[in-house]
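Computed over heavy atoms, backbone and side chain alike; hydrogens, waters and symmetry mates excluded. Whatever order the structure lists ligands and atoms in, that order sets their numbers, starting from 1.
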Amino acid sequence: MDATADTLIIFGATGDLARRMLLPSLYFLERDGLLDKRLRIVGAARSALDANGFRALVRDAFLERGEKLDDAWRSFEDRLGYCKLDAEARSDFEHLARMTGERNVYYLSLSPQHYRSACGNLHDAGLATPQSRIVVEKPIGHDLASCRAINACLANAFDESRIFRVDHYLGKETVQNLLALRFANVLFEPLWNRASIDHVQITVAESIGIEGRWGYYDSYGALRDMVQNHVLQLLCLVAMEPPARLDPDAVRDEKAKVLRSLRPIVAADVTEKTVRGQYIAGSMDGHDVPGYTREAGGAASGTETFVAVEAEVQNWRWENVPFYLRTGKRLGDRHTRIVIQFKCVPHSAFGQGDLIPNRLTITLQPEERISLQLMNKTPGLTTEGMRLSPLSLDLSLTEAFGAQRRRIAYERLLLDALAGNPTLFVRADEVEAAWSWIDGIAAAWQETGHAPEPYAAGSPGPAAADALAARKGYRRA
Ligand code: BG6
């Protein structure tokens, strides 16, 4: 593994992501003794602050979270420095150069429209050294062409092995546990294929709306905001072949193969394979909630806030196994869930009554829970032979590891970026393969004039999403 970084520079350090996620995550790493003693953290942003002003800003963000200013905080505060910097201004980078070390990590917590200038300026100021790394947040583009343009400007300054593209879902413990569940147990792998699995459902249901992000969200929509990255990453972890090792290339090679095996969705089948929805006014937890367009003061919009897709991974393992992908905002029940629906037994020796096929349900959010539905003998005596009923084997990870604090996904990602381990970051070919599939759907929607269906806030989403699965005789799980 690469040498540990000595300086972390956070661009956009006064912004929302840095204050809510990045800086608190770094503090938690400090508290757990996981930060290298020599690490310095430099906040870089346009606000006219000095190091003390920046420390005060970080301190306030902490207190707002209800954290206490303990000894760990004091050590953390000592690491913080500040550089007033505009990512577009070349001369500001000369100043930054005086504050950096030998092995720098540049974290671009900026709007992607500044990526090109930031990379160019880092390069021109001699800061894109072979020992440094760059971390970039999603969205990496709006489509394949803009994603390639961003990747090209990153590649101009940094080698691919030093570019860390964040998908924060990969930093979640529960998402990493998918790798453990699949590849650290002998139980599932022999059944994990078209011979035993009937279909798969992956749902990321959110109860929040667009949280004041209309400007960004309306030009992205659920397909680009969630499916292109988080949902497809979950699909990859479910569908990938076992990697030979848990090293960056072995894991990412397998994920990229899944993305390249996705059958393109075209205008001829987009109506049958996808559903778009947009929330209208409704009620959540007894409160009235405005519709999507009201959140932007009534502007009309054809952007989807819900999407369902029947995806196919065209390879030997998954041929003819549909993957139902769903995500939406303002849905009644918040959960992230993967359901592996197994096939029926080939022959029932039990006479009357249907055998209910096994089902593995992996709930990632809000609580991690794994449950396996099995058929059991119903206890008791009858004269009509053995009665059966389904029963679940339930594993609650919250109960098993309840005492452990739930970590912010960024803690893992920051630790790995500082240590130079890119396994949980997205490689250029992965993000491009994902865009290529997403572009096909977006183009097919446009070509067919496929408009979003309204659904009430607080509901499970458009009825058509149920119809999508029902077409093959399945129910939303
Ligand atoms: C972000 C999306 O990437 O992920 C948001 O832009 C979404 O729209 C969020 O709400 C969901 O993340 P989490 O961790 O809350 O499931």
Side-chain angles (χ1 to χ4, degrees), residues 12 15-22 24-25 28 65 107-113 135-143 147 150 164-178 202-237 276-279 284 289 292 295-296 301 303-307 325-338 362-369 405-414 424-426 430-431 434-435 438 452 457 461:
D16 190 54
L17 180 74
R19 280 190 299 125
R20 277 190 314 113
M21 299 288 176
L22 305 181
S25 297
F28 291 131
R65 288 179 63 98
Y107 198 119
L108 301 194
S109 174
L110 297 171
S111 160
Q113 79 210 39
V135 184
V136 285
E137 277 287 336
K138 71 164 265 251
I140 311 290
H142 182 267
D143 52 19
C147 167
I150 292 177
F164 289 62
R165 294 176 194 78
V166 172
D167 182 311
H168 79 276
Y169 266 51
L170 295 178
K172 292 180 190 259
E173 296 266 11
T174 54
V175 173
Q176 290 155 40
N177 199 25
L178 288 172
I202 301 178
T203 308
V204 182
E206 296 190 279
S207 51
I208 55 168
I210 52 166
E211 311 287 286
R213 294 192 302 156
W214 170 275
Y216 153 79
Y217 195 88
D218 200 54
S219 62
Y220 273 77
L223 182 70
R224 293 183 171 96
D225 179 52
M226 291 293 287
V227 182
Q228 190 275 338
N229 36 77
H230 310 322
V231 178
L232 284 184
Q233 284 295 327
L234 294 178
L235 167 76
C236 284
L237 296 176
R276 295 179 86 195
Q278 187 187 81
Y279 62 87
M284 302 193 66
V289 179
Y292 174 69
E295 296 202 30
S301 166
T303 298
E304 78 287 346
T305 59
F306 177 99
V307 60
L325 314 179
R326 271 179 225 113
T327 184
K329 296 216 178 274
R330 285 279 188 241
L331 299 176
D333 181 30
R334 172 187 173 233
H335 61 263
T336 300
R337 188 179 293 150
I338 298 171
I362 308 164
T363 306
L364 307 174
Q365 295 184 130
E367 294 298 325
E368 189 173 18
R369 184 172 282 278
R405 176 178 64 83
R406 193 163 183 165
R407 289 192 177 272
I408 306 176
Y410 284 95
E411 292 178 56
R412 167 89 268 155
L413 298 176
L414 281 160
L424 297 177
F425 294 81
V426 186
E430 276 183 84
V431 71
W435 273 122
I438 293 292

* Which residue and non-hydrogen atom of the protein lie closest to atom 12 (O) of ligand 1, and at what distance in Å? ->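 So the nearest neighbour among protein heavy atoms is His168 NE2, 3.1 Å.
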* Could you tell me the residue and atom name of the protein heavy atom closest to atom 8 (O) of ligand 1, and the distance to it rounded to 0.1 Å? =>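 Nearest neighbour among protein heavy atoms for atom 8 (O) of ligand 1, to 0.1 Å: Arg213 NH2, 2.5 Å.
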Within a distance under 4.0 Å of any heavy atom of [X], pick out the atoms of ligand 1 and give their elements.
{"X": "Lys138", "value": "1 (C), 2 (C), 3 (O), 6 (O)"}
{"X": "His230", "value": "1 (C), 3 (O), 4 (O)"}
{"X": "Lys329", "value": "5 (C), 7 (C), 8 (O), 10 (O)"}
{"X": "Glu206", "value": "7 (C), 9 (C), 10 (O), 11 (C)"}
{"X": "Asp225", "value": "2 (C), 5 (C), 6 (O), 8 (O)"}
{"X": "Lys172", "value": "13 (P), 14 (O), 16 (O)"}

* To do: Fit a plane to each ring of Tyr292 and Tyr279, take the angle between them on a 0 to 90° scale, and name the class: parallel (under 30°), tilted (30 to 60°) or perpendicular (over 60°).
  => perpendicular
* Among Tyr169, Tyr216, Tyr220, which residue places a heavy atom closest to atom 16 (O) of ligand 1? ->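 The option holding the nearest heavy atom is Tyr169.
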* **Donor-acceptor under 3.5 Å (Arg65 side chain, Arg20 main chain)** =>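 The answer is yes, because a donor-acceptor pair under 3.5 Å joins these two groups.
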* Give a yes or no answer on whether the side chain of Glu304 reaches the backbone of Ala222 with a donor-acceptor pair at less than 3.5 Å. =>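 Indeed, once roles are kept as given, a pair shorter than 3.5 Å links the two residues.
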Less than 4.5 Å apart, any side-chain heavy atom of [X] and any of [Y]?
{"X": "Val204", "Y": "Tyr169", "value": "yes"}
{"X": "Val426", "Y": "Ile140", "value": "no"}
{"X": "Phe306", "Y": "Thr327", "value": "no"}
{"X": "Leu234", "Y": "Leu178", "value": "yes"}

* Can you tell which part of Glu211 has a heavy atom less than 4.0 Å from ligand 1: side chain, backbone, both or neither? ->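 It is neither; nothing of Glu211 touches ligand 1.
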* **Part of Ile208 with heavy atoms under 4.0 Å of ligand 1, whether side chain, backbone, both or neither** => side chain
* Is Asp225 salt-bridged to Lys138, cutoff N-O under 4.0 Å? ->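 Here Asp225 pairs with Lys138 in a salt bridge, since their nearest N and O are under 4.0 Å apart.
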